[in-house]
S.K.: 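Dropping the structure in here first, questions after.
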Amino acid sequence: MAFRIYNTMTRSKEELVPLDGKHVRMYTCGPTVYNYAHIGNFRAYMFEDLLRRYIKFCGFGVTQVQNLTDVDDKTIRSSIEQGLPLRKYTKKYIEAFFDDLAKLNIEPAEHYPAATDHIPEMIALIETLFEKGYAYQSDDGSVYYSIDKFPTYGKLARLDREGMQSGARVDQDEYDKDNAADFALWKAYVPEDGDVVWDSPWGRGRPGWHIECSAMSMKLLGESFDLHTGGVDNIFPHHEDEIAQSEAATGKPYSKYWMHCGYLVVDGRKMSKSLGNFYTLREILDMGYTGREVRYELLSAHYRQSLNFAFKSLDANRAALKRLDEFYANMVEAAGTETEAGKLPAWASGTRAAFAEAMDDDLNISGAMATIFDMVHAGNKAMAEAPITGKEALAVSNLWKELDAVLGILMPPEGQVDPEVAGLLEARTVARTEKNWAESDRIRDRLAELGWTVKDTPEGPKLRKL
RNA sequence: GGUGCGGUAGCCAAGCGGUUAGGCAGUGGAUUGCAAAUCCACCUAGAUCGGUUCGACUCCGAUCCGCACCUCCA
């Protein structure tokens with residue numbers, strides 16, 4: 001089977017075949033570091049994480065670049081408001097971003113280029129566009145890209161270029177542009193920019209938004225690379241403009257595939273501050289949910305579908321994860337000290353292939369999760385009838401880890417049994433043999449306060465992290 | 001106006017032209033000192049109206065409803 005992905009450019013599913021046949025070079029649009037990222041942002045980063053993990057599962061190598069947009073209207077405005085230099089201001093949010101990624105068990109990308117570290121590359125790219133006749137300078141000193149010079153402009157978004165003049169948000173004041181839809185490559189300095197300014201052949205100013213991604217992606221991945229991703233809202237104008245800039249400058253195809261994830265919505269509406277349905281990851285963790293539960297939630301719908309975020313789903317995820325943890329804990333116990341994995345039991349033998357078949361179909365996460373729950377169900381049923389061997393259990397446990405390399409939610413959180421807990425468990429066992437149920441239940445309540453649940457089984461009491 | 005996505009059982013969410021998706025919640029039972037966990041059983045849907053077909057949730061058409069994008073929002 002082959003991994004097939006939905007390419008926004010062709011609007012169809014295509015087999016992922018890296019340009020060099022074995023290594024996928026991917027560029028994933030990253031955060032604007034002016035605030036803590038919200039869970040809608042993380043939906044996109046989660047999709048990209050699942051994608052890179054599955055690409056690796058398929059046996060390809062991966063080089064992922066994720067940019068940090070640290071210069072734009074928002075970062076400038078906020079840093080001035082707080083009286084901080086731009087870099088000092090964004091540093092806080094860059095650190096918070098990496099912190100949040102770790103909490104969500106998102107694998108780090110290979111490169112995190114910051115826009116402010118690549119101004120010379122952007123200037124060089126704009127110069128090339130000037131040489132080739134795609135760029136022009138307007139009266140206010142800003143440099144624009146002339147979309148009329150790029151015949152295929154609009155191919156990604158499938159824009160009706162004639163119909164664009166009826167668009168809702170065309171700026172009425174931009175008299176000095178050749179075409180209202182031309183976009184800025186370089187923005188001339190304005191006082192609102194404070195000390196955020198660079199010299200360029202066209203005067204002092206700062207780069208436009210789109211140029212950073214073109215400059216940094218081509219620097220780190222080459223003029224043509226495999227995969228470019230982002231949220232659906234990036235299709236236009238951001239990605240359309242990147243294509244126009246990059247392909248005009250190099251004369252070569254830019255990204256081979258384009259993938260875009262749908263929105264995370266809250267109560268059926270796009271998250272926004274004005275609607276009051278805006279959540280950062282931090283806020284959710286402060287409410288007592290774990291990064292793992294949030295990860296499960298962000299992973300739970302197909303990436304191109306909009307995902308309705310709800311706290312009651314988070315609660316449901318907790319129950320589902322508990323069930324998975326229980327199964328895995330049983331495997332670990334059954335494996336004991338066994339070091340040599342045997343054959344998978346019949347109920348687990350088809351799981352890997354079924355999982356891959358689902359994921360091969362444009363990351364069908366729902367189908368993939370179903371194969372795991374099917375295995376858990378079948379395994380529990382089989383083990384209720386006959387125990388499995390340590391070798392079999394170890395094989396299942398290895399499979400579990402292999403699948404978790406893709407999902408990142410299967411492995412239970414680390415929970416060490418400290419001496420106090422072990423002592424309580426021992427005391428409870430004594431109380432139970434004496435049939436002192438009041439004492440036994442009191443200790444069980446105490447263990448629950450410490451975050452442990454105890455279950456009595458034919459093999460003796462077992463502890464589980466709550 | 002243009003472009004795109006969607007409407008599936010109490011909730012979330014998939015595949016599929018004919019065979020139980022899955023998860024959560026709920027109900028009954030087994031098990032348990034009581035629990036927990038587990039197992040068994042039940043809960044079996046496809047916005048509306050047409051069409052194609054031996055047969056449609058699945059294909060086609062229309063309608064209704066929801067959401068998003070249309071110049072810097074993942």
Side-chain angles (χ1 to χ4, degrees), chain A residues 8 11 28-32 37-48 69 72-74 147 154 157-171 174 177 180-184 187 208-210 229-238 240-241 260-265 268-272 296-297 300-302 304-308 310 312-313 315-324 326-327 329-330 357-358 361 364-374 376-377 380-385 432 435-437 440-441 444 448 453-458 461-462 464:
Chain A
T8 306
R11 309 279 159 120
T28 53
C29 278
T32 301
H38 58 69
I39 50 167
N41 299 127
F42 286 114
R43 203 266 166 116
Y45 310 142
M46 191 62 74
F47 144 64
E48 287 150 2
T69 298
D72 81 321
D73 291 350
K74 292 188 290 273
I147 63 165
R158 310 224 161 168
L159 283 183
D160 172 9
R161 295 174 72 177
E162 300 306 313
M164 281 179 72
Q165 85 281 7
S166 59
R169 289 200 280 171
V170 173
D171 189 338
E174 307 259 23
K177 291 199 281 189
D182 286 353
F183 57 91
K187 302 177 119 167
W209 176 40
H210 314 299
T229 70
V232 281
D233 53 323
N234 277 157
I235 295 173
F236 189 84
H238 186 50
E240 195 68 60
D241 291 348
H260 295 92
C261 70
Y263 270 116
L264 177 143
V265 298
R269 316 216 89 213
K270 184 177 168 182
M271 202 167 39
S272 74
Y296 192 113
E297 176 72 5
S300 65
H302 182 81
R304 280 190 284 124
Q305 230 48 55
S306 62
L307 177 114
N308 199 351
K312 67 178 176 187
S313 303
D315 295 330
N317 298 343
R318 184 167 294 183
L321 287 167
K322 232 175 127 182
R323 183 152 172 232
L324 297 175
E326 182 65 29
F327 175 83
N330 287 335
E357 190 183 341
D361 183 17
N364 180 354
I365 188 75
S366 303
M369 286 306 296
T371 65
I372 291 179
F373 280 104
D374 282 344
V376 168
H377 184 254
N380 285 332
K381 200 171 165 181
M383 287 186 293
E385 286 157 15
R432 288 188 79 240
K435 298 207 186 295
N436 184 350
W437 308 127
S440 164
D441 289 350
R444 187 164 66 194
T453 179
V454 59
K455 37 182 264 182
D456 299 312
T457 73
K462 291 181 182 175
R464 294 280 186 268

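Chain identifiers are assigned alphabetically (A, B, ...) following the order of the sequence lines, protein sequences preceding nucleic acid strands; residue numbering begins at 1 within each chain.
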S.K.: Once you apply the 3.5 Å cut-off to both distances, tell me the Watson-Crick or G-U wobble partner of B/rA30, or none.
M.R.: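 Pairing partner, where one exists within any strand: B/rU38.
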S.K.: Under a 3.5 Å cut-off for both contacts, is B/rU63 paired Watson-Crick or G-U wobble with anything, and if yes, with which nucleotide?
M.R.: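 The answer is B/rA47, by the H-bond criterion.
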S.K.: So, do A/Leu264 and A/His38 sit near enough that their side-chain heavy atoms are less than 4.5 Å apart?
M.R.: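 No. Closest side-chain heavy atoms not under 4.5 Å.
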S.K.: Decide yes or no for A/Cys261 and A/Thr229: does some side-chain heavy atom of the first lie under 4.5 Å from some side-chain heavy atom of the second?
M.R.: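 Contact flag for A/Cys261/A/Thr229 side chains = no.
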S.K.: Using atom C1' of each nucleotide, how far apart are B/rU3 and B/rC16 to the nearest Å?
M.R.: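 Per the computed distance, 29 Å lies between those C1' atoms.
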S.K.: If the P atom of B/rC72 is compared with that of B/rG50, how far apart are they to the nearest Å?
M.R.: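 It comes out at 46 Å once rounded to the nearest Å.
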S.K.: Is there side-chain contact between A/Asp241 and A/Trp209, with heavy atoms separated by less than 4.5 Å?
M.R.: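 A/Asp241 vs A/Trp209: side chains apart.
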S.K.: The side chain of A/Ala184 lies closest to which of these nucleotides: B/rG4, B/rC72, B/rG33?
M.R.: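 That would be B/rC72.
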S.K.: Can you tell me how far C1' in B/rU19 sits from the matching atom in B/rU44, rounded to whole Å?
M.R.: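 Going atom to atom, C1' in each nucleotide, I get 14 Å.
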S.K.: Can you tell me the distance, in whole Å, between the CE atom of A/Met369 and the P atom of B/rC24?
M.R.: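 Going from CE in A/Met369 over to P in B/rC24 covers 10 Å.
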S.K.: Checking all strands, does A/Arg432 fall into the base, sugar-phosphate, or nothing category for heavy-atom contacts under 4.0 angstrom?
M.R.: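 The residue A/Arg432 makes base contact.
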S.K.: Just compare B/rA21, B/rA74, B/rC39 and give me whichever is closest to any side-chain atom of A/Ser366.
M.R.: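 Looking only at heavy atoms from C-beta outward on A/Ser366, the closest nucleotide is B/rA21.
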S.K.: Both distances under 3.5 Å, Watson-Crick or G-U wobble: report the partner of B/rC69, or none.
M.R.: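 B/rG2 is the nucleotide pairing with B/rC69.
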S.K.: Base, sugar-phosphate, or nothing for A/His38, non-hydrogen atoms under 4.0 angstrom?
M.R.: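 Base, at least one base atom sits under 4.0 Å.
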S.K.: Find the partner of B/rU8: check Watson-Crick (N1-N3 plus N6-O4 or O6-N4) and G-U wobble (N1-O2, O6-N3) distances, both under 3.5 Å, and reply none if neither fits.
M.R.: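 In the structure as shown, B/rU8 has no Watson-Crick or wobble partner.
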S.K.: With heavy atoms under 4.0 Å as the rule, sort A/Asp441 into base, sugar-phosphate or nothing.
M.R.: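 Answer is base: heavy atoms of A/Asp441 come under 4.0 Å of a base.
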S.K.: Find which nucleotide of RNA chain B each of A/Ser440 and A/Asn364 is nearest to by heavy atoms, and output the residue with the more 5' nucleotide.
M.R.: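 On the 5' side of the pair lies A/Asn364.
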S.K.: With both distances kept under 3.5 Å, what pairs with B/rG17, Watson-Crick or G-U wobble?
M.R.: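 Checking every strand shown, B/rG17 finds no partner, since no pair has both distances under 3.5 Å.
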S.K.: Tell me: CZ of A/Phe42 to P of B/rC73, nearest whole Å?
M.R.: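 Spelled out: CZ on A/Phe42 to P on B/rC73 is 17 Å.
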S.K.: Would the base of B/rC70 count as contacting A/Arg158 through its side chain, where contact means a donor and an acceptor less than 3.5 Å apart?
M.R.: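 No, the side chain and the base share no sub-3.5 Å donor-acceptor pair.
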S.K.: So that I can tick it off, tell me whether A/Arg444 and A/Asp441 are bridged by a salt bridge, with the cut-off set at under 4.0 angstrom between side-chain N and carboxylate O.
M.R.: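 So A/Asp441 pairs with A/Arg444 through a salt bridge.
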S.K.: Ignoring hydrogens and angles, tell me if any N or O in the side chain of A/Glu48 forms a donor-acceptor pair with the backbone of A/Thr28 under 3.5 Å.
M.R.: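 Absent.
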S.K.: Does B/rG23 have OP1 or OP2 under 4.0 Å away from a side-chain N or O of A/His377?
M.R.: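 Answer no for this pair, as no side-chain N or O of A/His377 is under 4.0 Å from OP1 or OP2.
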S.K.: Please pick, from B/rG33, B/rA74, B/rG4, the nucleotide with the shortest atom-to-atom distance to any side-chain atom of A/Thr32.
M.R.: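 Comparing B/rG33, B/rA74, B/rG4 against the side chain of A/Thr32, the answer is B/rA74.
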S.K.: Provide the distance between the two P atoms, one in B/rA36 and one in B/rA30, to the nearest whole Å.
M.R.: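 Approximately 15 Å lies between the P atom of B/rA36 and that of B/rA30.
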S.K.: Atom OH of A/Tyr296 and atom P of B/rG22: how far apart are they, to the nearest Å?
M.R.: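 Spelled out: OH on A/Tyr296 to P on B/rG22 is 13 Å.
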S.K.: Please tell me which of A/Cys261 and A/Phe183 maps to the more 5' nucleotide of RNA chain B, matching each residue to the nucleotide holding its nearest heavy atom.
M.R.: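 That would be A/Phe183.
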S.K.: How is A/Gln305 classified with respect to the nucleic acid when contacts are heavy atoms under 4.0 Å: base, sugar-phosphate, or nothing?
M.R.: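 The residue A/Gln305 makes sugar-phosphate contact but no base contact.
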S.K.: State whether the distance check finds a donor on one side and an acceptor on the other, under 3.5 Å, for side chain A/Ser300 versus base B/rG23.
M.R.: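 Absent.
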S.K.: Can you tell me if A/His377 and A/Asp374 form a side-chain donor-acceptor pair at under 3.5 Å?
M.R.: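 Not at all, the side chains of A/His377 and A/Asp374 share no donor-acceptor pair under 3.5 Å.
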S.K.: How is A/Asp233 classified with respect to the nucleic acid when contacts are heavy atoms under 4.0 Å: base, sugar-phosphate, or nothing?
M.R.: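 Result for A/Asp233 = base.
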S.K.: How would you label the contact of A/Asn41 with the nucleic acid (heavy atoms, under 4.0 Å): base, sugar-phosphate, or nothing?
M.R.: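 Answer is base: heavy atoms of A/Asn41 come under 4.0 Å of a base.
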S.K.: Give A/Ala370 one of three labels, base, sugar-phosphate or nothing, depending on what nucleic acid heavy atoms sit under 4.0 Å from its own.
M.R.: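 It contacts base atoms.
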S.K.: State, yes or no, whether a side-chain contact exists between A/Asp73 and A/Lys187 at a heavy-atom distance under 4.5 Å.
M.R.: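 Contact flag for A/Asp73/A/Lys187 side chains = yes.
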S.K.: Could a donor-acceptor pair under 3.5 angstrom be found where the side chain of A/Lys74 meets the base of B/rC72?
M.R.: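 Answer is no: no donor-acceptor pair is held.
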S.K.: Considering only the C1' atoms, how many Å lie between B/rC12 and B/rG26, rounded to the nearest integer?
M.R.: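 To the nearest whole Å, 15 Å.
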S.K.: Does a nitrogen or oxygen in the side chain of A/Asn380 sit under 4.0 Å from OP1 or OP2 of B/rC39?
M.R.: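 It does, given that an N or O in the side chain of A/Asn380 lies less than 4.0 Å from OP1 or OP2 of B/rC39.
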S.K.: For A/Arg304 and B/rA13, what is the distance between atoms CZ and C1' respectively, to the nearest whole Å?
M.R.: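 After rounding, the reported distance stands at 15 Å.
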S.K.: If you look at every strand shown and take non-hydrogen atoms under 4.0 Å, does A/Ile235 touch a base, only sugar-phosphate, or nothing?
M.R.: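 Answer is nothing: A/Ile235 stays at 4.0 Å or more from every strand.
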S.K.: How would you label the contact of A/Val265 with the nucleic acid (heavy atoms, under 4.0 Å): base, sugar-phosphate, or nothing?
M.R.: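 No contact at all - A/Val265 keeps every heavy atom at 4.0 Å or more from the nucleic acid.
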S.K.: Tell me what A/Gly262 touches on the nucleic acid: a base, only sugar-phosphate, or nothing, going by heavy atoms under 4.0 Å.
M.R.: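 Base contact.
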S.K.: Return the value, rounded to whole Å, for the distance between atom CG of A/Asn330 and atom P of B/rC39.
M.R.: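 These atoms are roughly 10 Å apart.
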S.K.: If you only use heavy atoms from C-beta on, which nucleotide in B/rA37, B/rG33, B/rA74 is closest to the side chain of A/Trp437?
M.R.: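 The closest nucleotide is B/rG33.
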S.K.: With rounding to the closest Å, how many angstrom separate the C1' atoms on B/rG51 and B/rC11?
M.R.: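 Between the two C1' atoms, the distance is 34 Å.
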S.K.: Can you name the closest pair of heavy atoms from A/Cys29 and A/Asn234 and give their distance?
M.R.: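 Looks like CB-OD1, 3.9 Å.
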S.K.: Atom CG of A/Leu264 to atom P of B/rC12: distance rounded to whole Å?
M.R.: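 Taking CG of A/Leu264 and P of B/rC12, I get 14 Å after rounding.
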S.K.: By the 4.0 Å heavy-atom rule, please label A/Thr229 as base, sugar-phosphate, or nothing.
M.R.: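 If one applies the 4.0 Å heavy-atom cut-off, A/Thr229 turns out to touch nothing in the nucleic acid.
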S.K.: Distance criterion of 3.5 Å, no angle test: do you see the side chain of A/Arg444 paired donor-to-acceptor with the base of B/rA35?
M.R.: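 Yes.
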S.K.: Shortest non-hydrogen contact from A/Lys74 to A/Thr32?
M.R.: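 Looks like CE-CG2, 4.3 Å.
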S.K.: Between A/Phe183 and A/His210, what is the ring plane arrangement, given parallel below 30°, perpendicular above 60°, and tilted in between?
M.R.: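 Ring orientation, 0 to 90° scale: perpendicular.
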S.K.: Could you check how far OH of A/Tyr263 sits from P of B/rU3, rounded to whole Å?
M.R.: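 Rounded to the whole Å, the gap is 19 Å.
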S.K.: Could you tell me how far apart A/Lys312 (NZ) and B/rA25 (P) are, to the nearest whole angstrom?
M.R.: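 After rounding, the reported distance stands at 13 Å.
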S.K.: Less than 5.5 Å between centroids and less than 30° between ring planes, does A/Phe373 satisfy that with B/rG22?
M.R.: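 Stacking is absent between B/rG22 and A/Phe373, given that the ring centres and planes do not meet under 5.5 Å and under 30°.
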S.K.: Out of B/rA37, B/rC24, B/rA14, which nucleotide sits closest to the side chain of A/Ala301?
M.R.: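 The closest nucleotide is B/rA14.
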S.K.: When the C1' atoms of B/rA45 and B/rA9 are compared, how many Å lie between them, rounded to an integer?
M.R.: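 It comes out at 4 Å once rounded to the nearest Å.
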S.K.: Determine the Euclidean distance between corresponding P atoms of B/rG29 and B/rA14; express it in Å to zero decimal places.
M.R.: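 My reading of the P atoms in B/rA14 and B/rG29 gives 35 Å.
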S.K.: Applying a 4.0 Å non-hydrogen cut-off, can you work out what A/Gly40 is touching in the nucleic acid: base, sugar-phosphate, or nothing?
M.R.: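 A/Gly40: base contact, heavy atoms under 4.0 Å.
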S.K.: Over all strands shown, is A/His260 touching base, sugar-phosphate only, or nothing at heavy-atom distances under 4.0 angstrom?
M.R.: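 Nothing: the residue A/His260, judged by heavy atoms under 4.0 Å, touches no strand.
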